[in-house]
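Below is one structure, written out as structure tokens, with a few remarks after it.
All figures in this text were calculated on a predicted structure; none of them were measured in a lab. Counting convention: from 1, in listed order, for ligands and their atoms alike.
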Amino acid sequence: MPDGISPPKPRALRRPGELVAAGLLPPASLAGAQAVAARYAIAVPAALAARIEHPQDPLGLQFLPDPAELVTAPHELADPVADEALSPVPGIVHRYPDRVLLKPLLACPVYCRFCFRREQVGPEGGVLAPAALEAAYAYIAARPAIREVILTGGDPLILSPRRLGAILARLEAIPHVEWLRIHSRVPVAEPALVGEGLLAALVTEKPLYLAVHANHAREFGPEANAALRRLAGRGIPLLGQSVLLKGVNDSEAALADLFAAMLRARVKPYYLHQLDPAPGTARFHVPPERGRELLANLRGRLSGTAFPIYILDRPGGLGKIPL
Ligand SMILES: *Cc1c(COP(=O)(O)O)cnc(C)c1O
Ligand code: SF4
């Protein structure tokens, strides 16, 4: 465990043998899961594992390894949104003039089988060394056009509160940085991490927005909802970020339930992403026409506040466009 990352509490299931022993995968799937584990990171935190009823249910599909991940379709790309090409210094991705991504680490509390950064993320951490972090601050400080820094990864909320607080303090001390944003799966995947230490680290002078990644209503259990309530109680506006995924949320009922679960948890749906074509993710693909149809059919059935923007991140670093 690299210094500065809080140990997951409770422990996550990481080895295929553990997934079989826990009854999440049938024994016949062991060899296939081991082949996947040799290439991609696996972690299912206990809180999520308890909510999986079947490998093919909306949570099993998102988090349990499947041999289909080892088949790369012709259109799939190792770096679908060109993060690497747009990285002027390690840890920074700069595509739009007014905002940058800062990736302080590449570890996550859970590894999603459809992740667009799946070739980069893993438990080794990919923690930016102090000198690289200084270079990232200097890059931002030297560019007055940058008004927003978006912490992503990996998942910034698994950093120790001390380290996360230090990063936020450095960023908000840069005069032209007007607001901050964090993208995280911790509130649904590891809600126990949202304790006093983390909440205190998230108290900033400048506005801080938190975009929570969730794709199915069942991710919002009582612990997740309580964690989100604690975050909202500290004055942190909560945004919802989802990916349209075949078998997980590609029906009117599943999307309506997801967006309602977010609103109940004080989370405003922000983006519904078209899946990025990362290697081995074809089984999750939903055609954009189908996504448009689903959202159009939900109009009138759901509060306007429940609607996210359906967004495509164009391959090759061309940027996001609404679909
Ligand atoms: C997605 C993304 C952002 C954030 O975009 P918003 O539309 O503001 O949410 C910023 N920089 C990069 C490189 C991105 O990929
Ligand atoms: S939490 Fe985010 S970065 Fe991590 S595996 Fe899931 S989608 Fe990828």
Side-chain angles (χ1 to χ4, degrees), residues 5 8 12 14 40-45 48 59 61-65 69 79-88 91-126 140 145-158 178-190 193 209-216 219 237 239-245 248 268-276 278-281 284 308-322:
I5 300 181
R14 294 177 183 274
Y40 295 116
I42 296 171
V44 187
L48 280 180
L59 299 188
L61 282 172
Q62 288 188 68
F63 308 126
L64 297 175
E69 294 175 45
D79 182 13
V81 300
D83 268 9
E84 303 294 319
L86 294 167
S87 180
I92 293 265
V93 183
H94 196 181
R95 180 199 282 155
Y96 305 107
D98 67 324
R99 54 212 196 270
V100 291
L101 307 184
L102 173 57
K103 301 189 277 188
L105 82 172
L106 292 171
C108 302
V110 61
Y111 293 99
C112 311
R113 309 328 298 170
F114 51 84
C115 175
F116 72 107
R117 293 201 182 112
R118 61 197 328 243
E119 305 286 327
Q120 286 91 42
V121 296
E124 304 73 30
I140 297 164
I146 298 172
R147 310 172 75 186
E148 178 182 25
V149 181
I150 302 165
L151 292 179
T152 178
D155 198 316
L157 294 192
I158 62 170
E178 295 184 79
W179 59 88
L180 304 165
R181 197 194 319 173
I182 297 178
H183 282 228
S184 176
R185 227 168 178 351
V186 160
V188 295
E190 201 71 279
L193 285 182
Y209 293 79
L210 180 61
V212 180
H213 173 188
N215 303 311
H216 194 271
E219 291 169 53
L239 303 170
Q241 221 200 168
S242 311
V243 187
L244 183 61
L245 298 167
V248 174
K268 160 74 187 101
Y270 170 53
Y271 274 165
L272 175 66
H273 290 271
Q274 177 67 15
L275 179 72
D276 295 315
T281 60
F284 292 111
I309 300 169
Y310 183 31
I311 200 102
L312 168 71
D313 208 342
R314 289 169 297 173
L318 294 173
K320 295 184 178 69
I321 46 163

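Near ligand 1, residues Val93, Arg95, Tyr96, Arg99, Leu101, Ile150, Arg181, Tyr270, Tyr271, Asp313, Lys320 come within 4.0 angstrom through at least one heavy atom.
The ring pair (Phe, Tyr, Trp, His ring centres under 6.0 Å) test applied to Phe284 returns Phe114, not counting sequence neighbours. Scored by the side-chain contact (heavy atoms from CB on, under 4.5 Å) test, Ser87 finds no partners at all (sequence neighbours excluded).
Screening Thr281, Val121, Leu275, Val81 for a side-chain contact (heavy atoms from CB on, under 4.5 Å) involving Phe116 leaves a single residue, Val81.
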Apply salt bridge (charged side-chain N to carboxylate O under 4.0 Å, His left out) to Lys103 and Asp83, showing your working. CA-CA 11 Å; Lys103 301 189 277 188; Asp83 268 9; 3.4 Å; yes

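The count of protein N, O or S atoms under 2.8 Å from atom 6 (Fe) of ligand 2 stands at 1, with waters excluded from the count.
Smallest separation of non-hydrogen atoms from Ala82 and Gly317: CB-N, 3.4 Å. Contact between Asn215 and Gln62 at its shortest, heavy atoms only, is ND2-OE1, 2.8 Å.
Gln241 and His273 share a side-chain donor-acceptor pair at under 3.5 Å. Checked by atom type, the side-chain pair Glu69/Tyr40 shows no donor-acceptor distance below 3.5 Å.
At a threshold of 4.0 Å, the pair Asp313-Lys320 counts as salt-bridged, since one of the basic side-chain nitrogens sits closer than that to a carboxylate oxygen.
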